[in-house]
Amino acid sequence: MIGTSMEPTGAAPSNARSLRPDDGRLVRGRRSRAQIREAFRALCRELGFDRTTLRAIAERAGMGASSIYRHIQSKEELLVEELADLQERAWREIRRRGDRELSARLRVREFLDAEHELLSADPDLTTIAMRATTHPGARVARQVLALQDRTIGVLTEILQAGRLRGELRREADVLAAARTVVFSTNGARIAWANGLLDAEGCRTAVAAAVDLLFAGIEAPPA
């Protein structure tokens, strides 16, 4: 039995030791998932999302085709993880700067700029995510739209802080404003993903949309 010593009382057990509850399996599982995600990113760059298969991901990650299902169920699941990480990195960057003294308008611009820089580093993610949100039947659509809701929550937090500081009109609907920013941003990104705008044109369009929104909800000068 595990934990039972066969040596006389008082003798130091030769093999008995406290094992972590997961006995290393949790660490190995995280390592395997990290390898899977690294393989997924590499293959998407080389082949594109559509041509990347779970079998190819498993092979690149150095595991059997069937064993990958112990960690993930679909490549769409990996896509959503990548997008969620990107979103978190953008928000952490804004929090790290500690610039809460900036106006709500500038904080919104900073967050969207940070998000844009990360998307620009891997534009395929933008294309795939935009395509998913315009095809509600796609398996990944609901999850990508849930991430969009998280972005709305982040922006609502920024806008609410600005309203409390008196930067915005008291009657301003900060949730509606946050949704407007996200929907305008998505419109610019759809144009970018379809080649109608380049990356800088997308950034400029988003900044213009933010400025137009704030022109309507900012409090008048004292």
Side-chain angles (χ1 to χ4, degrees), residues 41 44-45 48-50 76 78-97 99 102-163 167-169 172-218:
R41 287 191 293 267
C44 281
R45 286 192 294 269
F49 180 78
D50 290 336
E76 286 83 5
L78 293 170
L79 168 66
V80 171
E81 284 191 19
E82 294 297 319
L83 290 169
D85 277 1
L86 181 150
Q87 187 182 65
E88 285 300 317
R89 285 162 59 195
W91 186 226
R92 284 200 303 269
E93 175 62 20
I94 298 304
R95 288 190 180 278
R96 183 188 65 78
R97 295 176 189 174
D99 48 11
L102 289 180
S103 68
R105 183 196 293 233
L106 289 178
R107 292 194 74 213
V108 168
R109 288 276 298 272
E110 275 200 348
F111 172 73
L112 295 175
D113 278 349
E115 198 174 57
H116 182 79
E117 286 174 13
L118 292 167
L119 284 169
S120 297
D122 198 345
D124 279 350
L125 283 179
T126 306
T127 302
I128 298 160
M130 291 300 101
R131 186 174 63 191
T133 57
T134 55
H135 290 77
R139 285 183 293 178
V140 71
R142 187 176 298 276
Q143 293 162 297
V144 172
L145 289 170
L147 293 179
Q148 179 175 288
D149 284 344
R150 290 177 63 195
T151 300
I152 291 171
V154 167
L155 294 175
T156 300
E157 179 182 330
I158 294 173
L159 293 169
Q160 175 66 6
R163 187 171 65 178
E167 297 174 24
L168 307 183
R169 298 177 184 274
D173 186 333
V174 292
L175 177 58
R179 285 176 175 151
T180 300
V181 170
V182 169
F183 298 156
S184 299
T185 299
N186 282 350
R189 287 177 181 166
I190 288 172
W192 175 28
N194 284 280
L196 302 177
L197 289 174
D198 60 14
E200 188 55 36
C202 178
R203 185 199 296 271
T204 301
V206 170
V210 170
D211 287 342
L212 282 171
L213 172 76
F214 273 88
I217 65 173
E218 279 182 325

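Note that the numbering runs from 1 along the sequence shown for the chain.
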Hey, could you give me each pair passing salt bridge (charged side-chain N to carboxylate O under 4.0 Å, His left out) that has a residue in residues 182-195? Not counting sequence neighbours. E115-R189

Applying salt bridge (charged side-chain N to carboxylate O under 4.0 Å, His left out) as the test, list every pair that has at least one member in residues 194-205; sequence neighbours left out.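 Non-adjacent pairs meeting salt bridge (charged side-chain N to carboxylate O under 4.0 Å, His left out): D113-R203, E200-R203.
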
Let me confirm one number: the [atom1]-[atom2] distance from [X] to [Y], rounded to the nearest 0.5 Å.
{"X": "R163", "Y": "D173", "atom1": "CZ", "atom2": "CG", "answer": "7.5 Å"}
{"X": "L106", "Y": "E167", "atom1": "CG", "atom2": "CD", "answer": "9.0 Å"}
{"X": "I158", "Y": "E110", "atom1": "CD1", "atom2": "CD", "answer": "9.0 Å"}
{"X": "L159", "Y": "L168", "atom1": "CG", "atom2": "CG", "answer": "6.0 Å"}

Which residue pairs pass the ring pair (Phe, Tyr, Trp, His ring centres under 6.0 Å) test with at least one member in residues 178-198, sequence neighbours excluded? H116-W192

Partner of V174 under side chain to side chain contact (heavy atoms under 4.5 Å, CB included), chosen from R179, E157, Q160: Q160

Close side-chain approach of [X] to [Y], heavy-atom, < 4.5 Å:
{"X": "I152", "Y": "D149", "value": "yes"}
{"X": "R169", "Y": "I217", "value": "no"}
{"X": "T151", "Y": "T185", "value": "no"}

Please give me the minimum heavy-atom distance between A199 and S120, naming the atom from each residue.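 Reported closest heavy-atom pair: CB-OG, 4.1 Å.
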
If you look at every heavy atom in A104 and G162, which pair is closest and at what distance?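 Closest heavy-atom pair between A104 and G162: CB-CA, 4.0 Å.
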
Apply side chain to side chain contact (heavy atoms under 4.5 Å, CB included) to residues L213 and V108 and explain how you reach the verdict. CA-CA 11 Å; L213 172 76; V108 168; over 6 Å; no

Under the rule for side-chain contact (heavy atoms from CB on, under 4.5 Å), what residues qualify as partners of A191, not counting sequence neighbours?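 By the side-chain contact (heavy atoms from CB on, under 4.5 Å) rule, A191 matches L196, L197.
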
Salt bridge (Lys or Arg N to Asp or Glu O under 4.0 Å) partners for R105, two or more places apart: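 For R105 the salt bridge (Lys or Arg N to Asp or Glu O under 4.0 Å) partners, ignoring immediate neighbours, are D211, E218.
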
Please identify each residue that fulfils salt bridge (Lys or Arg N to Asp or Glu O under 4.0 Å) with R150, with sequence neighbours left out.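 Per chain and number, R150 pairs via salt bridge (Lys or Arg N to Asp or Glu O under 4.0 Å) with E88.
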
